[in-house]
Colleague: 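One structure coming up, written as structure tokens, with questions to follow.
Atom set for the values below is all heavy atoms of this structure, side chains included, hydrogens, waters and symmetry mates excluded. Quantities reported herein were computed from a predicted structural model and do not represent experimental measurements.
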Amino acid sequence: MPSHPQPNSSRNSLPSTLNIGVLAHIDAGKTSLTERLLFDNGAIPELGSVDAGSTRTDTGALERERGITIRSAVATFTTGDLQVNLVDTPGHPDFIAEVERALSVLDAAVLVLSAVEGVQAQTRVLMRSLRRLGLPTLLFLNKIDRPGARPESLLGEVRARLAPHLVPLTTVTDPGTPGAGALPRPLDAPEVRAEVAAVLAEQDEALLGQLVDERPPSARALGRALVEQTAAGLVHPVLCGSALTGAGSAQLVEALRTLLRPPAADPHAAPSGTVFAIERTGAGEKAAYLRLFDGQLAARRLVTFHRREPDGGVGEFTGRISRVEVVGAEGEAGAPAGRRLRAGGIARLYGLPRVRIGDRLGRPPRESTGTHFAPPSLETVVRPADPERKTALHAALTALADEDPLIRTRSDADGSTSVLLYGAVQREVIAERLARDFGLRAVFEPVTPVYFERPNGVGEAAQELNSRAHNDFWATVGLRVEPTAPGSGVRFHHRAERGVMPAAFHRAIEESVLRTLRQGLAGWEVTDCAVTLFLAGQHAPASTAADFRGLTPIVLLRALQAAGTTVFEPCLTLEIEIPPDTLSAVTGLLTGHAGRILDSAEAGDVWALTVEVPSRLVPRITTALPGLTRGEAAHGARPGGDRPVRNAPPTRARRDGDPLDHDVYLRFLAQRHLAVDE
């Protein structure tokens, strides 16, 4: 393999840092591989076991008991002059949001496959996202020592179903036996050099010309080309081994050193980074995991974080860091050990009680390209087993939502709280965490699908102080609603003259618009629209921000009434692999559940189907698949489109007093004011 470019040394001779994500389908062995890399490189004194619940990255009691990764965790080792931060991510699809967050802070990834099971549905979902982001990705074929291991034939399967341009860097001896080994394939071997050159030439016209002219490149030149194409995500080096026996571990570490480059960073720039995980200490203090892209951070520094709110608004907060714990730090001159975070590194930050996952410090160089996985499409109402503990339950769920922003919470008038979910396993984990961490026993109602609304056309409404129409508020508000492109979210525009009233009144209008859009005409969140404030006025000194907060929902819903809305249901795109003799039964199941088959093809000894299905029907399909396929079906999901709901659209009870019903709304506001006063 090519030698690693020498990283730039700092004046304190600190190692360069590489942040690597370890991703896989559940049970492919990624946590065991993380444990093996830590042990073999001297970071831990003994190997932990997933079955025994003794691994370093699965630290939570639930993770140890269930034997699955629920939250991303970071562990580190050093090899030569390179510090490798390993980010171990969940493999279960119910916790795909954790993977989503980890992708935003990675320099590269190791995608783990089982040499027995091969390419699985979740493997394809993950690889698609890695390729979309252009993240350099090494493939590690694990479990070569297990009966049924087939590393050689698996390469063809990977090329056909995962990534076409592979560069195998190891050869397996005695596969499927306890003595299976992994030997390196050096580039200076003529047959290896010819094979690798042929793969790289598919992406390099100059190299292709050399081969056509029978001028094969040297091993050194080929090594440089392999590094460049790996960094660009054009080719994927493949290594084989066993996390259980340690076979192939050394070759994987060498590939990390030689094929992946630490990113360029400016230590003198203003700090910029992303919070990608939150954990709590035994005392309940928040620790925020932050990847720093540029600059430096130390304790006592005042920092400002920016965030995108769930309703589309942008928020920020400022806080002072009380403590910095750098992952893998050994200490350096001028700062206590582990208390100065440099560009490229990861640290736990303390003293920021308002921090949330996804918060951004400054502007990280790699801007978000949107969601790569399907958002939660299920909702459940949660009630405490003890009716007297409604407030405590809501506070606990809000705290959990801080750790996982996709767990959206909503309070009901009867004191219950609803949360968004991916699936049943996630619901079970939330229930267990409520019991263990907060001492709360919760009752979950059956899950229901989450719908949304889009405006049909343009609608306007206005309420003026001096008009003949009755106005209960010292405020004038005029709003226009119009549809925008699907996927564009919500936009708010000011067209009213800003100088005629205080900025606080304008903020009250904008905040009320975004909050009101969470419940459209049918009670579902409204999206893909632009709301324009074209009229605003006050009556000094009587007007207050509360007047604008009270009037805005009335005007906005009247504008929505004029525009009309359509209720849509979200869909998922399922990728299903089944035995050929079950094709007829499975397609019947899919079409019977409103599935639209987008593609179907033979892929080796299976049929691969791509089908769009309403999210609400996915559980029925996935439950029925094993019985129709002798348990041999594999499936994965990714964001799909959406469809208008046929017939009478479902409605959801309002929780804002219904601004379109004058008397009901005023009573709601009065009761809310009384509750605040008390």
Side-chain angles (χ1 to χ4, degrees), residues 307-316 408-413 452-453 455 459-465 467 469-482 484 489-498 500-539 542-563 565 652-676:
R307 66 171 59 125
R308 175 69 63 179
E309 302 288 359
D311 56 21
V314 176
E316 69 175 46
R408 292 270 298 276
T409 61
R410 219 168 62 108
S411 298
D412 204 346
F452 61 93
E453 301 178 45
E460 286 187 1
Q463 182 73 56
E464 300 186 56
L465 267 170
S467 67
H470 181 68
N471 191 344
D472 295 282
F473 305 94
W474 291 99
T476 291
V477 174
L479 296 168
R480 179 186 306 111
V481 177
E482 52 194 316
T484 56
V490 175
R491 301 171 187 170
F492 183 81
H493 303 293
H494 284 275
R495 294 291 182 267
E497 188 177 350
R498 286 180 178 265
V500 300
M501 64 184 197
F505 294 176
H506 283 277
R507 286 197 301 271
I509 294 172
E510 181 173 356
E511 290 170 359
S512 297
V513 164
L514 296 176
R515 184 172 58 251
T516 303
L517 288 176
R518 297 177 189 174
Q519 300 177 79
L521 300 180
W524 304 103
E525 189 162 354
V526 182
T527 188
D528 299 337
C529 65
V531 179
T532 302
L533 175 68
F534 64 84
L535 184 64
Q538 64 168 334
H539 186 282
S543 298
T544 66
D547 288 304
F548 291 93
R549 292 192 186 97
L551 180 58
T552 297
I554 296 174
V555 176
L556 179 57
L557 284 183
R558 288 176 181 171
L560 273 178
Q561 267 190 327
T565 66
R652 184 164 62 166
R654 304 197 67 87
R655 303 184 180 192
D656 59 359
D658 192 358
L660 293 176
D661 188 317
H662 177 267
D663 294 337
V664 170
Y665 183 58
L666 291 185
R667 284 198 299 271
F668 169 80
L669 293 181
Q671 291 169 357
R672 188 170 65 182
H673 290 321
L674 285 174
V676 171

Colleague: Please report the closest heavy-atom contact between Gln519 and Ala653, naming both atoms and the distance.
Modeller: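 So the two residues come closest at OE1-O, 4.1 Å.
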Colleague: I want to check something: taking the side chain as every heavy atom from C-beta on, are Asp661 and Arg654 in contact at a cut-off of under 4.5 Å?
Modeller: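 Not touching, per the 4.5 Å side-chain cut-off.
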Colleague: Out of curiosity, Phe548 CZ to His506 NE2, how far, rounded to the nearest 0.5 Å?
Modeller: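 One gets 8.0 Å once the value is rounded to the nearest 0.5 Å.
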Colleague: Considering non-hydrogen atoms only, spot the tightest contact between Cys529 and Leu517 and give its length.
Modeller: SG-CD1, 4.2 Å
Colleague: Using 0.5 Å steps for rounding, measure from the CZ atom of Arg549 to the CD atom of Glu511.
Modeller: 6.0 Å
Colleague: To the nearest 0.5 angstrom, please state how far the OG1 atom of Thr516 sits from the CG atom of Leu514.
Modeller: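 Thr516 OG1 to Leu514 CG: 8.5 Å, rounded to 0.5 Å.
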Colleague: If only atom types and distance count, is the side chain of Thr476 paired as donor or acceptor with the main-chain N or O of Ala536 below 3.5 Å?
Modeller: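 No; judged by distance alone, with no hydrogens or angles, the pair does not exist.
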Colleague: Going by heavy atoms in the side chains, are Glu460 and Phe534 under 4.5 Å from each other?
Modeller: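 Yes, close enough: below the 4.5 Å cut-off.
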Colleague: What heavy-atom pair brings Leu560 and Gly520 nearest, and what distance separates the two atoms?
Modeller: CD1-CA, 4.5 Å
Colleague: Testing the basics here: between Trp474 and Ala542, what is the closest heavy-atom pair and its distance to 0.1 Å?
Modeller: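 That would be CD2-CB, 3.9 Å.
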Colleague: Could you check whether any side-chain heavy atom of Gln538 comes within less than 4.5 Å of a side-chain heavy atom of Asp547, counting everything from C-beta outward?
Modeller: no
Colleague: How long is the span from the CZ atom in Arg480 to the CZ atom in Arg495, to the nearest 0.5 Å?
Modeller: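 So the CZ of Arg480 and the CZ of Arg495 are separated by 8.5 Å.
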Colleague: Quick check: do Leu660 and Leu521 have side-chain heavy atoms less than 4.5 Å from each other?
Modeller: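 The answer is yes; the side chains approach within 4.5 Å.
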Colleague: Drop me the distance from His662's NE2 to Arg667's CZ, to the nearest 0.5 angstrom.
Modeller: 10.5 Å
Colleague: Considering non-hydrogen atoms only, spot the tightest contact between Phe452 and Trp524 and give its length.
Modeller: CA-CB, 3.8 Å
Colleague: Nearest 0.5 angstrom please: Phe505 CZ to Thr552 OG1, how far?
Modeller: 11.5 Å
Colleague: Of all the heavy-atom pairs spanning Asp528 and Pro455, show the shortest one and how long it is.
Modeller: O-CD, 4.0 Å
Colleague: Can you confirm whether Leu479 sits close enough to Thr532 that some side-chain heavy atom of one is under 4.5 Å from a side-chain heavy atom of the other?
Modeller: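 Not touching, per the 4.5 Å side-chain cut-off.
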Colleague: Near His493 NE2, under 6.0 Å, is it more than 12 heavy atoms from other residues, nucleotides or ligands?
Modeller: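 Yes, NE2 of His493 has more than 12 neighbouring heavy atoms, counting only those of other groups under 6.0 Å.
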Colleague: Going by heavy atoms in the side chains, are Tyr665 and Asp472 under 4.5 Å from each other?
Modeller: no
Colleague: Under the ring pair (Phe, Tyr, Trp, His ring centres under 6.0 Å) rule, collect the residues that match up with Phe492, sequence neighbours excluded.
Modeller: His494
Colleague: Assess, by modelled atom type and distance only, whether the side chains of Thr565 and Glu453 contain a donor and an acceptor separated by less than 3.5 Å.
Modeller: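 Short answer, yes.
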Colleague: Considering only heavy atoms from C-beta outward, does the side chain of Val526 approach that of Val490 to under 4.5 Å?
Modeller: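 They are not in contact (no side-chain heavy atoms under 4.5 Å apart), so the answer is no.
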